[in-house]
Number of protein chains: 2
Amino acid sequence: MPRDGGAGAPGVDPQQLWLTPVQPRRGRRPAYSREAITAAAVTLADTEGLEAVTMRKVAARVGAGVMSLYSYAPDKETLLNLMVDHVSGELPTANTLTGDWRADLKVIAHLQRALMLRHPWLPAALSTRRVPGPNTLAFLEHALAALRPTGLDGTAKLEIFAQLTAFVAGHVAHEIAQAAASQAPDRAAVEARYLAAVAADGRHPELAEVLSAPGRPLTPEATFTRFLNRLIDGLDTG
Amino acid sequence: MPRDGGAGAPGVDPQQLWLTPVQPRRGRRPAYSREAITAAAVTLADTEGLEAVTMRKVAARVGAGVMSLYSYAPDKETLLNLMVDHVSGELPTANTLTGDWRADLKVIAHLQRALMLRHPWLPAALSTRRVPGPNTLAFLEHALAALRPTGLDGTAKLEIFAQLTAFVAGHVAHEIAQAAASQAPDRAAVEARYLAAVAADGRHPELAEVLSAPGRPLTPEATFTRFLNRLIDGLDTG
DNA sequence: CTACATTTCCGTACGATGTACGAGAATAGA
DNA sequence: TCTATTCTCGTACATCGTACGGAAATGTAG
């Protein structure tokens with residue numbers, strides 16, 4: 001194996017993956033790079049979905065043999081972690097904090113949502129990731145700085161960040177699923193008919209009423225903002 | 001195929017799966033049942049994890065040939081949906097509503113959390129499920145009844161329930177991951193060392209402080225309750 | 001009872017996947 | 001030039017979901 005090591009899931013030391021600088025150059029020179037491989041995997045996931053990210057397809061896109069990938073990542077799980085950290089690099093961490101931690105946190109959540117909408121596979125991939133990479137850690141650092149005015153202890157800050165991320169991921173996953181349903185009208189119609197049939201059986205009066213009085217459909221953006229504000233405004237520093 | 005039809009993911013009509021009563025008995029009598037197969041898959045997931053749920057292992061546990069399963073569920077995705085709805089049957093929906101919708105919602109969330117702790121694969125499986133089965137719908141009906149005093153419109157109620165479920169799933173997934181980390185002290189130690197190394201590089205002062213002042217560790221239960229209360233108390237009926 | 005239609009059971013087989021293995025090629029230092 | 005090191009990647013294998021189709025069991029029609 002070249003100068004990486006491995007990381008993420010199984011029995012691999014994260015230090016060896018994320019913070020090995022550059023090892024002494026010996027032997028054959030690498031023909032590809034972890035960066036290029038990760039980027040190829042990301043574009044593959046962006047365009048064809050996460051399930052299209054197979055070692056063979058990634059290798060084909062890079063122009064490498066399948067097994068060559070294993071010189072840059074010890075297994076697929078690690079490659080997924082690399083992908084997550086790769087796109088996390090798109091998150092800006094410039095010092096734009098206002099000192100109003102609630103407002104700052106809302107901006108952070110909106111940044112996360114935008115990232116996840118740009119990479120719809122991200123919510124699903126997040127649930128498996130183990131060890132945060134440098135980009136993820138940079139953003140975490142940013143979020144912790146935003147939370148500084150709360151005066152909360154470390155554990156509490158970390159928990160808030162984890163919950164916020166999980167909330168955003170959950171919401172975006174839901175958003176994406178609904179958007180996909182709109183794009184497949186047949187399936188949506190079938191589901192609607194099914195729910196209508198259930199509601200018509202008389203044993204689901206609340207469901208029946210809900211379906212008959214849906215209310216005005218809001219934009220996903222508005223719904224997100226509303227829930228986000230509720231969640232964050234509900235936080236206190238006690 | 002026997003008297004099911006299919007459901008859930010791809011191009012299968014949910015009506016045909018969930019609400020077909022019993023078809024006229026003709027031909028060979030089924031040797032197994034959808035119930036038994038689903039139950040076997042659930043215990044398999046409970047004991048060995050979701051990734052251990054393969055058609056072959058489920059069939060072996062039932063005592064059937066592998067392909068016999070396809071007489072009861074058209075594909076694995078459907079079997080996963082059946083599993084989800086199966087365990088959702090453990091959720092009580094007896095009329096225990098108090099009329100205080102916030103309190104009722106909190107009880108509902110605690111029920112969901114308990115269910116997910118009993119079936120740790122549930123949060124992961126939920127992210128893929130498409131069409132709710134009868135047990136899921138019964139619980140949804142229960143939740144909608146709890147939300148009745150809010151006077152919100154249908155869409156809003158459904159969104160609150162979806163968000164609540166996503167929140168619980170996210171939290172429990174995090175809980176489970178942390179519990180697993182505690183059970184593998186080697187890996188946890190490696191991760192801790194990695195984070196310490198990152199914190200020591202001088203470019204992550206907030207992380208360094210957080211790691212040095214972690215605060216008192218709360219029970220997962222307490223953390224869950226705290227976040228839940230914040231979320232629900234933050235909801236309003238405007 | 002005999003045919004036949006229907007439904008279930010399941011052995012075999014196929015394509016796809018992740019990845020272990022190891023032979024060969026390229027490079028750096030001796 | 002020799003040797004140690006590192007990367008490349010073809011082959012091979014276990015495992016997965018599941019398509020196919022014949023055998024077996026059951027109901028109905030004659």
Side-chain angles (χ1 to χ4, degrees), chain A residues 1-6 8-12 16 20 22-37 40-41 44-45 48-83 128, chain B residues 1-6 8-12 16 20 22-37 40-41 44-45 48-83 128:
Chain A
M1 245 176 289
R3 63 172 157 302
D4 60 30
V12 210
Q16 223 166 346
T20 354
V22 181
Q23 224 132 7
R25 302 296 226 84
R26 283 281 300 261
R28 187 172 181 169
R29 223 164 313 167
Y32 319 104
S33 73
R34 213 162 53 188
E35 258 290 304
I37 291 171
L44 201 54
E48 302 183 38
L50 193 56
E51 76 286 352
V53 178
T54 71
M55 300 305 267
R56 282 166 233 263
K57 284 186 188 163
V58 172
R61 194 169 276 256
V62 176
V66 189
M67 293 312 292
S68 297
L69 301 186
Y70 289 87
S71 294
Y72 300 88
D75 51 30
K76 191 190 177 183
E77 173 72 22
T78 300
L79 180 57
L80 288 178
N81 279 14
L82 290 172
M83 290 169 64
T128 335
Chain B
M1 243 176 291
R3 66 171 156 303
D4 61 29
V12 210
Q16 223 167 344
T20 354
V22 181
Q23 225 131 8
R25 303 296 225 85
R26 282 283 298 261
R28 188 172 181 169
R29 222 163 314 169
Y32 319 103
S33 72
R34 213 161 54 186
E35 258 290 303
I37 291 171
L44 201 55
E48 302 182 40
L50 193 57
E51 75 286 352
V53 178
T54 70
M55 300 305 267
R56 282 165 232 265
K57 285 186 188 162
V58 172
R61 195 168 273 256
V62 176
V66 190
M67 293 311 293
S68 298
L69 301 187
Y70 289 87
S71 294
Y72 300 88
D75 50 31
K76 191 190 178 184
E77 172 71 21
T78 301
L79 180 57
L80 287 177
N81 280 14
L82 290 172
M83 290 170 63
T128 334

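Residue numbers start from 1 in every chain, and the chains themselves are labelled A, B, ... in the order their sequence lines are given, proteins ahead of strands.
- B:L80 places a side-chain heavy atom less than 4.5 Å from the side chain of B:M83.
- Regarding A:K76, its NZ atom lies at a distance of 15 Å from the P atom of D:dC16, rounded to whole Å.
- Rounded to an integer number of Å, the gap from NZ of A:K57 to C1' of C:dT17 is 11 Å.
- Atom CG in B:L69 sits about 13 Å away from atom P in D:dA19, given to the nearest Å.
- The 5' end of DNA chain D is approached more closely, in terms of each residue's nearest nucleotide, by A:M67 than by the other of A:M67 and B:R56.
- Heavy atoms of A:G65 sit under 4.0 angstrom from primed sugar atoms or phosphate atoms, though from no base atom.
- Taking side-chain N and O atoms only, B:R29 has no distance below 4.0 Å to OP1 or OP2 of C:dC9.
- Of the candidate nucleotides D:dA4, C:dT19, D:dT18, D:dA4 has the atom lying nearest to any side-chain atom of A:R26.
- Residue A:A59 is out of contact with every strand shown, counting any heavy-atom pair closer than 4.0 Å.
- For the residue pair A:N81/A:T78, the side-chain donor-acceptor check at 3.5 Å is not satisfied.
- At a threshold of 4.5 Å between non-hydrogen side-chain atoms, the residues A:V58 and A:L69 count as touching.
- To the nearest angstrom, C1' of D:dG10 lies 14 Å from OH of A:Y70.
- At whole-Å resolution of the value, OH in B:Y32 and P in D:dA25 are 13 Å apart.
- Positionally, the nearest nucleotide of DNA chain D for A:G63 lies more toward the 5' end than for the other of B:V53 and A:G63.
- By the 4.5 Å heavy-atom criterion applied to side chains, A:Y72 and A:P30 are counted as neighbours.
- Note on B:S68: a base of the nucleic acid sits closer than 4.0 angstrom, heavy atoms only.
- Checked against D:dG27, D:dA23, C:dA25, the side chain of B:R28 finds its nearest nucleotide in D:dA23.
- Nearest-nucleotide mapping onto DNA chain C: of B:G27 and B:A64, the residue sitting toward the 5' end is B:G27.
- How far CZ of B:R61 is from CG of B:L44: 5.0 Å, rounded to the nearest 0.5 Å.
- Atom pair B:I37:CD1 and C:dC9:C1' shows a separation of 11 Å (rounding to whole Å applied).
- Atom-to-atom, CG of B:L79 to C1' of D:dT18 comes out at 14 Å; the value is rounded to the nearest Å.
- Counting only heavy atoms from C-beta on, A:M55 has its side chain closest to C:dT19 among C:dT19, D:dT28, D:dG17.
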